[in-house]
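Note sheet for the following structure.
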Amino acid sequence: MEKIRTLRGFRDIIGEELEKFRRIEAVFRKYCDLLGFREVELPVLEKTDLFVRSIGDTTDIVEKEMFTFTDIGGDSLTMRPEATAGMVRSYLQEGLYAKERMTKVFTIGPMFRHERPQKGRYREFHQIDVEVFGVKEPLVDAELIWMVHMLLNELGVERYRIEVNSVGCKTCRESFRNVLIDFFETKKGELCEDCLRRLERNPLRIFDCKNEQCIRVTEDSPFLFDSLCGECRDHFELFERHIEGFGIALNINKRLVRGLDYYTKTVFEVTSDDLGAQKAFIAGGRYDNLVEEMGGPATAGIGFAVGVERFAMLIAPREGKTGKLCFFAFVGDQARDHLIPLLKACAAQGINLLYSYEGKSLKSQMRYADNLKCDFVFILGDDEIQKGIIMLRDMAGAVQHELPLDPEKIVAELKRLTNP
Ligand code: HAM
């Protein structure tokens with residue numbers, strides 16, 4: 001019979017990778033606590049319209065990457081491709097704009113995009129996402145970069161670049177649009193099919209194209225960064241000043257436009273050359289119009305998402321094992337009866353006692369304990385029971401000595417050995 005395997009681009013996260021996931025999450029939670037972010041759990045499935053309206057109908061995500069289907073009731077539903085849209089929906093649905101001056105929230109979970117799978121790019125992947133609603137000051141832009149910086153430091157990522165840009169507001173974008181169209185009209189022959197469409201519908205998207213020739217064309221193009229309106233320029237300059245205060249190095253990348261349409265002003269990506277083709281492992285920016293566009297009051301917003309799979313590729317595996325391991329080897333039915341009282345006494349003291357369920361021969365149990373890399377083995381057979389003792393073998397020195405067959409005393413000795 002054919003074995004059932006995971007879907008293309010979907011994976012089991014296990015072993016060392018899962019340990020890294022949990023470590024990244026733990027450090028992230030610590031900084032969320034420190035900076036006053038509250039956790040929320042969002043549904044994985046939402047109405048398709050939520051993503052089309054927020055991410056934008058000319059983006060790659062909405063045009064070709066969403067897992068969308070019609071459910072039994074005839075509604076068009078989509079597996080979330082990112083978290084910001086759901087965060088905005090939740091902010092509005094819970095009426096938080098009327099309840100608190102500003103809202104700082106985070107969420108952790110799987111996202112789904114129907115992309116061509118490759119290293120660092122999957123159809124199901126995981127994000128840690130933070131969002132701040134209601135703060136328009138650039139101090140919060142800098143605070144988020146500082147948060148990222150602390151996260152990278154604590155997890156030992158050394159080779160990375162923080163790339164920032166400003167994509168302006170509606171005013172600067174509208175006046176720049178024509179400058180951009182005039183420029184690309186003269187280069188039409190060199191643009192790919194997709195970019196010709198982008199030129200009609202959303203010319204800024206051309207900067208997001210991965211085609212070598214299109215990238216070359218954009219090298220000589222004018223940049224929105226150089227045509228920002230007064231307010232957007234002031235915002236960026238103040239942001240830079242705060243970042244300097246935090247002592248963090250930034251790289252301005254005027255080509256950075258991001259793959260989602262909701263951004264305004266500050267956008268950023270953290271990239272690493274150690275990742276191969278998919279370099280960005282953290283990305284985000286400001287979206288000051290999105291809450292209003294989704295039907296709420298005018299409310300500033302900013303956030304970022306960590307791509308957990310890519311982040312995990314940049315951190316070292318945890319070295320060695322954490323505590324000492326103990327094993328209980330028993331031979332015979334009578335010896336087995338001593339397992340449960342000993343197990344209960346160990347559990348009450350938080351000691352992890354390993355054993356093989358079937359008992360079997362002492363030799364095979366010792367081999368099993370050795371495979372598990374146990375530090376100590378307790379051995380109990382009919383002889384020991386008759387003498388009222390249990391043998392304790394120190395696997396490193398291959399020495400053994402006797403202890404009274406009394407769970408209290410055994411556990412006390414175990415505690416001494418495991419927490420010297
Ligand atoms: P994004 O750039 O689309 O932004 O995704 C953020 C991060 O998720 C990427 O930098 C990458 O590390 C990871 N990622 C994206 N697609 C994949 C994939 N197919 N496989 C593995 N990892 C992937 C957003 O999603 C925005 N919602 C971020 C944001 C939050 N902006 C404001 N707030």
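Given the structure is predicted, the values throughout are model-derived calculations rather than measurements. Counting convention: from 1, in listed order, for ligands and their atoms alike.
- Closest heavy-atom approach to atom 9 (C) of ligand 1 within the set S54, A280, A85, A83: this belongs to A280.
- Geometrically, R11 engages Y122 in a cation-pi contact defined by less than 6.0 Å to the ring centre and at most 45° from the axis.
- Atom numbering of ligand 1 starts at 1 in the shown order; those under 4.0 Å from a heavy atom of G307 are 8 (O), 12 (O), 13 (C).
- Under a 4.0 Å criterion applied to the non-hydrogen atoms of D129, ligand 1 contributes the atoms 30 (C).
- Within the listing of ligand 1, atoms 26 (C), 27 (N), 29 (C), 30 (C), 31 (N), 32 (C), 33 (N) sit less than 4.0 angstrom from a heavy atom of T84.
- For ligand 1, the atoms sitting less than 4.0 Å from at least one non-hydrogen atom of A283 are 2 (O), 10 (O), 28 (C), 29 (C), numbered in the order shown with element in parentheses.
- For ligand 1, the atoms lying closer than 4.0 Å to a non-hydrogen atom of E82 are 25 (O), 26 (C), 27 (N).
- Heavy-atom distances between R121 and ligand 1 reach below 4.0 Å in at least one pair.
- At a 4.0 Å heavy-atom cut-off, ligand 1 touches Y263 through the side chain alone.
- Only the side chain of Y262 comes within contact range of ligand 1, with a heavy atom under 4.0 Å; no backbone atom does.
- For R233 and F225, the positive end sits near the middle of the six-membered ring, less than 6.0 Å away and at most 45° from its axis.
- Without hydrogens or angle criteria, S221 side chain to V217 main chain gives no donor-acceptor distance under 3.5 Å.
- Atoms of ligand 1 lying under 4.0 Å from any heavy atom of L260, numbered from 1 in the order shown and given with element: 3 (O), 4 (O).
- Scanning the protein for heavy atoms near atom 6 (C) of ligand 1, the closest one is Q127 NE2, 3.3 Å.
- Only the side chain of E131 comes within 4.0 Å of ligand 1, judged by heavy-atom distances.
- Ligand-side atoms of ligand 1 in range of F281: 10 (O), 12 (O), range being under 4.0 angstrom from any heavy atom.
- Residue contacts with ligand 1 do not include H126, since none of its heavy atoms lies under 4.0 Å from the ligand.
- Using a 4.0 Å cut-off between heavy atoms, V306 makes no contact with ligand 1 at all.
- Looking at R258 against ligand 1, only its side chain comes within 4.0 Å, counting heavy atoms.
- Which parts of ligand 1 touch G120 is read off a 4.0 Å heavy-atom cut-off, strictly below it: atoms 20 (N), 21 (C), 22 (N).
- Ligand 1 lies out of reach of G259, whose nearest heavy atom is not under 4.0 Å from it.
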